[in-house]
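A quick write-up on the structure given underneath.
The first residue of the sequence shown is numbered 1, and numbering continues consecutively from there.
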Amino acid sequence: MRIDVLSLFPGMFEGVFGDSILKKAYEKEAVTYNVINFRDYADNKHHQVDDYPYGGGAGMVLKPQPIFDAVDALKHEENSKPRVILMCPQGERYTQQKAEEFAKEKHLVFICGHYEGYDERIREHVVTDEISIGDYVLTGGELGAMVVIDSVVRLLPGVLGNEDSPVLDSFSSGLLEHPHYTRPADFRGMKVPQELISGNHRLIEEWREKESLRRTFERRPDLLESHTLSDKQKAWIEEWRKSK
């Protein structure tokens, strides 16, 4: 995968791309990163990328020309039709399912804005996806882009080492992940559930399934509205409801 990021503050990405899983993914040649200061594409001598909004109002608006030219250059360089992702609080709420969708692409371009907003022609003619990581406003799109990139890159084949890891993550199955335990089995009197140390794989899987469902029921019941439940799972939920 190739990931291009258009940002006025490219230095923000140095630590993110140079550490942990994102660095390992690059070293394994699963992904390449390219951060571009789109100010370099401004066609005026002062490299201005924003201007006052038509009709008046507070703040400044990103001009279309630098963004259009930067994305055109990337498409030509790679000879591709990338997904062009605009980080924006008005965008679609980001989910694990969207991360899995993006992970199937060969080329992603992220646009990180600042100021009051974007010229609407950027949305209409350049962007393929508008993404929001939550119902709040950040100073710019960079932090949101980092979140999305991290969630996508970890899904690429071979990046995590254990191919089951991303499949078993919270939200990938539609439910929250089950609790985890490690050694010692007894820590300060707090013991690991007997099922996990029983050696019985069927019992372990059933415990994990039940605890995943219980955690979702207690913390994110909204997720169950779109989840297909088995008769066994429905019985568990009914049992928990009666015990409340």
Side-chain angles (χ1 to χ4, degrees), residues 1-10 12-14 16-17 20-26 28-41 49 61-115 117-135 137-138 140-160 166-167 169 171-172 174:
M1 175 182 283
R2 169 171 170 156
I3 294 178
D4 292 303
V5 182
L6 302 182
S7 169
L8 295 174
F9 302 95
M12 292 180 67
F13 291 86
E14 292 177 3
V16 175
F17 291 159
S20 189
I21 294 298
L22 295 186
K23 179 183 179 183
K24 290 180 180 178
Y26 174 78
K28 291 180 177 181
E29 300 182 348
V31 64
T32 59
Y33 309 111
N34 185 29
V35 187
I36 303 105
N37 189 335
F38 61 85
R39 192 181 298 278
D40 295 339
Y41 286 88
V49 296
V61 176
L62 284 174
K63 294 158 63 75
Q65 178 273 317
I67 299 292
F68 270 73
D69 285 1
V71 173
D72 284 346
L74 292 172
K75 288 179 178 178
H76 179 74
E77 179 184 332
E78 194 68 10
N79 191 26
S80 68
K81 294 182 179 179
R83 294 283 284 268
V84 181
I85 302 161
L86 187 73
M87 302 308 303
C88 172
Q90 301 175 27
E92 172 187 348
R93 178 79 72 87
Y94 193 57
T95 63
Q96 182 67 20
Q97 287 67 43
K98 200 69 178 181
E100 292 168 2
E101 181 183 325
F102 285 156
K104 297 175 183 176
E105 300 289 335
K106 295 295 184 183
H107 188 190
L108 301 177
V109 176
F110 290 84
I111 302 176
C112 305
H114 272 258
Y115 312 118
Y118 307 92
D119 185 290
E120 190 66 17
R121 289 164 290 191
I122 296 171
R123 300 179 191 272
E124 293 175 345
H125 300 287
V126 176
V127 170
T128 61
D129 301 87
E130 293 185 45
I131 294 295
S132 167
I133 62 167
D135 295 340
V137 179
L138 299 171
E142 285 78 9
L143 294 175
M146 293 173 193
V147 168
V148 175
I149 291 168
D150 182 276
S151 68
V152 169
V153 170
R154 65 189 301 279
L155 295 175
L156 300 180
V159 168
L160 291 183
V167 178
D169 285 336
F171 304 111
S172 288

Rounded to the nearest 0.5 angstrom, the CD1-CG distance for Ile36 and Leu8 is 12.0 Å

May I have the step-by-step check of side-chain contact (heavy atoms from CB on, under 4.5 Å) for Val49 and Leu62, ending in yes or no?
CA-CA 6 Å; Val49 296; Leu62 284 174; 4.0 Å; yes

Which of Asn34, Val31, Ile85, Thr32 passes side-chain contact (heavy atoms from CB on, under 4.5 Å) with Ile3? Answer is Val31

side-chain contact (heavy atoms from CB on, under 4.5 Å) with Met87: of Val5, Val148, Leu138, only one passes, and it is Val148

Check: residues 68-77 side-chain donor-acceptor pairs under 3.5 Å, at least two apart:
from	atom 1	to	atom 2	distance (Å)
Asp69	OD2	Gln65	NE2	2.8
Glu77	OE2	Arg2	NH1	3.2
Glu77	OE2	Arg2	NH2	3.2

Does Tyr118 use its side chain to pair, donor to acceptor, with the backbone of Gly113 at less than 3.5 Å?
yes

What are the two closest heavy atoms between Ala30 and Leu156, and how far apart are they?
O-CD1, 3.6 Å

Taking all non-hydrogen atoms of both residues into account, name the closest pair between Lys63 and Ile67 and its distance.
O-CG1, 4.1 Å

Answer yes or no: is there a donor N or O on one side and an acceptor on the other, between the side chain of Ser7 and the main chain of Phe9, under 3.5 Å?
yes

How many angstroms lie between CD in Glu120 and NE2 in His125, if you round to the nearest 0.5 Å?
9.0 Å

Pairwise side-chain contact, Ile149 with Phe17, heavy-atom cut-off 4.5 Å (strictly under):
yes

How many angstroms lie between atom CG of Leu143 and atom CD1 of Ile133, to the nearest 0.5 angstrom?
7.5 Å

Run the side-chain contact (heavy atoms from CB on, under 4.5 Å) check on Met1 and Val152 step by step: do they pass?
CA-CA 10 Å; Met1 175 182 283; Val152 169; 3.9 Å; yes

Let's go through Leu155 and Phe102 carefully: what are the C-alpha distance in whole Å and the side-chain angles of both, what is the deciding distance for side-chain contact (heavy atoms from CB on, under 4.5 Å) to 0.1 Å, and is it a yes or a no?
CA-CA 10 Å; Leu155 295 175; Phe102 285 156; over 6 Å; no

Smallest separation among heavy atoms of Pro66 and Tyr41, with atom names
O-CB, 3.7 Å

Sub-4.5 Å side-chain heavy-atom contact between Met146 and Met12
yes

Tell me the salt bridge (Lys or Arg N to Asp or Glu O under 4.0 Å) pairs involving residues 89-98, sequence neighbours left out?
Glu92-Lys98, Arg93-Asp135, Lys98-Glu101, Lys98-Asp129

Within a 6.0 Å radius of atom CD on Glu29, are there more than 12 heavy atoms belonging to other residues, nucleotides or ligands?
no

Nearest heavy-atom contact between Arg123 and Cys88 is NH1-SG, 3.4 Å

Those residues that, when tested against Glu14, pass side-chain contact (heavy atoms from CB on, under 4.5 Å) (two or more places apart)
none

Where do Asp4 and His107 land on the side-chain contact (heavy atoms from CB on, under 4.5 Å) test, with the steps shown first?
CA-CA 8 Å; Asp4 292 303; His107 188 190; 2.6 Å; yes

So does Gln90 get a backbone contact from the side chain of Ser132, meaning a donor-acceptor N/O pair under 3.5 Å?
no

All heavy atoms of Cys112 vs all of Phe38, minimum pair found to be O-CE2, 3.7 Å

Looking only at heavy atoms, what is the nearest atom pair of Tyr33 and Leu22, with distance?
OH-O, 2.8 Å

Are there over 12 heavy-atom neighbours, none belonging to Lys28, within less than 6.0 Å of that residue's NZ?
yes

